[in-house]
> 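Sharing a structure with you now.
Within every chain, numbering begins at 1; the chains are lettered A, B, ... in the order of the sequence lines, protein sequences first and strands thereafter.
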There are 2 protein chains.
Amino acid sequence: MSLLLEQPVTSADKTFFQLRKDIVDGVILAGSKLSETELSTKYAVSRAVIREAINRLESNHLVERKAHVGARVVALTPEGLAELYQVRESLEGMAARLAAINMTDEEILDLNTLLNSHFQTVKTGETYYQEAGDVDFHYRIILGSKNNHLISILMNGIYHLIRMYRVQLGMVGPRVTTAFDEHRHIAQAISNRDAELAEMLMRRHILYTKNNLLTKLVTESF
Amino acid sequence: MSLLLEQPVTSADKTFFQLRKDIVDGVILAGSKLSETELSTKYAVSRAVIREAINRLESNHLVERKAHVGARVVALTPEGLAELYQVRESLEGMAARLAAINMTDEEILDLNTLLNSHFQTVKTGETYYQEAGDVDFHYRIILGSKNNHLISILMNGIYHLIRMYRVQLGMVGPRVTTAFDEHRHIAQAISNRDAELAEMLMRRHILYTKNNLLTKLVTESF
DNA sequence: TAAGCCAATATTGTCGACAAAACACTCAAT
DNA sequence: ATTGAGTGTTTTGTCGACAATATTGGCTTA
């Protein structure tokens with residue numbers, strides 16, 4: 001049922017996925033240094049593999065490298081969040097618009113089916129599936145745009161950083177059910193092939209999410 | 001005078017810049033295979049350096065890698081160009097809007113000064129400086145957005161691929177002076193701090209450029 | 001005591017060699 | 001003649017060691 005089952009084939013792939021997961025989940029703290037030798041012993045691979053993984057993490061905007069100095073996990077800041085979501089709003093708004101045009105009837109049907117199944121889990125209040133479900137919904141629309149560059153920029157470029165903010169800040173309270181309603185309206189616009197409305201609703205949805213996360217980030221004073 | 005003087009500090013840096021230049025300029029043909037051993041002898045560096053360079057080229061969307069198979073320079077196709085410019089239109093439109101808000105008065109002054117100097121070279125018809133000048137103009141606006149994620153996605157993410165299409169297809173004929181006029185109008189909107197107009201003009205400017213390049217790509221039947 | 005230089009140490013950058021996988025070619029069988 | 005298996009070759013993936021650079025700490029000197 002879940003999308004995007006990227007299979008690791010090489011040792012560098014596995015290490016990259018593992019490192020990425022640990023960073024997104026906060027197991028490796030935001031802002032901390034990534035020592036190549038330390039990681040190579042910890043993950044039981046050579047430094048060459050670690051270096052390749054770190055390079056890929058850099059293109060995912062999750063770490064920053066400086067020559068002869070090393071790599072650091074990015075810090076989570078209000079400014080960074082604001083800039084990230086400004087870009088996300090533009091790109092995913094575009095994705096929603098294109099999805100309303102380019103998704104097949106079957107894909108739209110699947111999207112609505114997914115929403116119905118999410119409705120069940122939202123009622124029970126299982127936060128873990130909320131996170132996964134939200135990502136799944138957005139992924140389908142992104143893929144539905146059928147624009148490979150857009151897909152690459154979002155999925156390989158910035159989405160893991162978005163998830164990092166979401167996972168480490170959380171999304172709780174009334175926002176959960178509100179967001180679900182917004183998803184329904186977006187899906188409705190796409191079902192009606194109303195591209196302009198789909199873009200507008202998606203942009204507003206992301207704007208709300210940004211404000212929700214920004215509030216948490218500021219009040220928790222990271 | 002020129003912007004973005006990224007200095008190579010390591011051997012991998014130099015190799016990366018050289019390879020990127022050769023690909024953008026067409027010295028290494030679009031669609032061709034990149035053999036690691038071959039490149040390592042040609043550029044007189046170890047395979048590790050070549051591999052690092054290729055990894056970076058991949059995050060620049062200039063090459064595609066497959067595990068255990070190798071890397072290939074991307075192909076220039078009408079579909080790829082259309083998708084790329086669809087994304088570019090959205091992102092640079094956003095950049096122009098933000099630039100109208102965030103550029104300092106001094107930066108706007110420099111932008112107008114740059115345009116005046118371009119006006120001289122356009123009259124003489126020096127195509128080389130046209131290309132460089134156009135890139136310079138767009139770079140200033142992108143940097144003027146002051147959004148680091150947007151800057152990174154455009155400059156490190158897709159702009160070299162955009163340049164690759166431009167360089168290998170060329171931009172000639174009446175389009176040259178027309179594009180210059182469009183630049184002037186965009187600069188005017190930014191000078192007036194009219195964000196909405198700046199975005200609209202930039203989007204249309206990029207749309208025109210796309211159509212111009214698409215025509216060339218189709219008629220030349222690459 | 002503070003500032004600056006120098007040496008010792010630790011970390012990143014680069015290299016060549018070996019392992020594993022994909023590719024190409026031959027040869028046999030239908 | 002074509003397809004298939006099998007072998008030999010080439011290419012990519014991984015590793016450990018060495019080189020070059022940055023950091024740390026101590027020492028000297030004002």
Side-chain angles (χ1 to χ4, degrees), chain A residues 5-23 27-75 152 156, chain B residues 5-23 27-75 152 156:
Chain A
L5 28 137
E6 39 186 0
Q7 283 281 46
V9 307
T10 108
S11 175
D13 282 341
K14 297 194 199 83
T15 309
F16 167 58
F17 288 139
Q18 184 63 47
L19 263 173
R20 190 175 64 185
K21 177 169 163 39
D22 287 347
I23 290 174
V27 175
I28 298 176
L29 292 177
S32 63
K33 185 165 190 317
L34 293 178
S35 163
E36 294 181 0
T37 51
E38 185 185 328
L39 291 175
S40 80
T41 57
K42 186 174 174 183
Y43 290 92
V45 289
S46 76
R47 268 186 58 222
V49 170
I50 295 290
R51 280 175 70 83
E52 166 137 6
I54 288 180
N55 278 332
R56 292 203 228 169
L57 289 171
E58 190 184 19
S59 56
N60 281 20
H61 296 105
L62 289 177
V63 312
E64 290 167 352
R65 268 185 65 189
K66 271 203 300 188
H68 295 293
V69 174
R72 234 170 220 303
V73 180
V74 295
S152 172
N156 305 126
Chain B
L5 28 138
E6 38 187 0
Q7 283 282 46
V9 305
T10 118
S11 176
D13 283 341
K14 298 193 198 84
T15 309
F16 167 58
F17 288 140
Q18 184 63 47
L19 263 174
R20 190 175 64 185
K21 177 168 161 42
D22 288 346
I23 290 174
V27 175
I28 299 176
L29 293 178
S32 63
K33 184 164 190 319
L34 293 179
S35 164
E36 293 181 1
T37 51
E38 185 184 328
L39 290 175
S40 79
T41 57
K42 186 175 176 184
Y43 290 92
V45 289
S46 76
R47 266 185 60 223
V49 170
I50 294 291
R51 281 175 69 83
E52 166 136 6
I54 288 180
N55 278 333
R56 292 203 227 169
L57 289 171
E58 191 185 18
S59 55
N60 283 19
H61 298 106
L62 289 176
V63 312
E64 289 167 352
R65 267 185 64 189
K66 271 203 300 188
H68 296 293
V69 174
R72 257 184 192 295
V73 180
V74 295
S152 172
N156 305 125

> Donor-acceptor pair, A:R72 side chain versus A:G31 backbone, under 3.5 Å?
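The answer is yes, because a donor-acceptor pair under 3.5 Å joins these two groups.
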> Assign each of B:D13 and B:H68 to its nearest nucleotide of DNA chain C by heavy atoms, then name whichever residue's nucleotide is nearer the 5' end.
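Nearer the 5' end of the strand: B:D13.
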> B:E52 has an atom CD; how far is it from atom P of C:dT14, in whole Å?
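Atom-to-atom, B:E52 to C:dT14, this comes out as 7 Å.
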> Reckon B:R72 has a side-chain N or O less than 4.0 Å from the OP1 or OP2 of D:dT11?
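So the side chain of B:R72 is outside the cut-off, no N or O lying under 4.0 Å from OP1 or OP2 of D:dT11.
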> OP1 or OP2 of D:dT12 versus the side-chain N and O atoms of B:K33: is any pair under 4.0 Å?
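The answer is yes; a side-chain N or O of B:K33 sits under 4.0 Å from OP1 or OP2.
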> Just to confirm, is there a sub-4.0 Å distance from OP1 or OP2 of D:dT10 to any side-chain nitrogen or oxygen of B:T37?
no
> Check every atom of C:dG13, D:dT23, C:dC23 against the side chain of A:V69 and return the nucleotide holding the closest atom.
D:dT23
> Can you find a heavy atom in the side chain of B:R51 that is under 4.5 Å from one in the side chain of B:R65?
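Sidechains of B:R65 and B:R51: in contact.
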> At less than 4.0 Å, is any side-chain N or O atom of B:R47 found next to OP1 or OP2 of C:dC15? Yes or no.
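Looking at the OP1 and OP2 atoms of C:dC15, neither is under 4.0 Å from any side-chain N or O of B:R47.
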> Grab the CD-C1' distance between A:E58 and C:dT12 for me, whole Å please.
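From A:E58 CD to C:dT12 C1': 14 Å.
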> If I take atom CG in residue B:L39 and atom P in nucleotide D:dT12, what distance separates them, rounded to the nearest angstrom?
9 Å
> In whole angstrom, give the distance that lies between atom CD1 of B:I50 and atom C1' of D:dT11.
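In whole Å, D:dT11 C1' lies 14 Å from B:I50 CD1.
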> Picking from D:dG13, D:dC15, C:dA22, which would you name as closest to the side chain of A:V49?
D:dC15
> Rounded off to whole Å, could you give me the CZ-to-C1' distance for the B:R51 and D:dT11 pair?
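To the nearest whole Å, that distance equals 10 Å.
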> Scan B:L34 against the nucleic acid and name what it touches under 4.0 Å (heavy atoms): base, sugar-phosphate only, or nothing.
sugar-phosphate
> Is there side-chain contact between B:V49 and B:Y43, with at least one heavy-atom pair below 4.5 Å?
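SC-SC contact between B:V49 and B:Y43 ruled out.
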> Please report the distance, rounded to the nearest Å, between NZ in B:K66 and C1' in C:dA21.
14 Å
> Any non-hydrogen side-chain atom of B:V73 less than 4.5 Å from a side-chain atom of B:L29?
no
> If you assign each of A:V9 and A:A67 to its closest nucleotide in DNA chain D, which residue comes earlier from the 5' end?
A:V9
> If you only use heavy atoms from C-beta on, which nucleotide in D:dT14, D:dG13, C:dT12 is closest to the side chain of B:E36?
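In terms of side-chain proximity for B:E36, the closest of D:dT14, D:dG13, C:dT12 is D:dG13.
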> Just do the side chain to side chain contact (heavy atoms under 4.5 Å, CB included) check on B:N55 and A:R56 with the steps written out, would you?
CA-CA 8 Å; B:N55 278 333; A:R56 292 203 228 169; 5.7 Å; no
> Distance check needed: C:dT14 P versus A:N55 CG, whole Å only.
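Interatomic distance, CG of A:N55 to P of C:dT14: 11 Å.
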> Does D:dT14 have its OP1 or OP2 closer than 4.0 Å to a side-chain nitrogen or oxygen of A:S46?
no
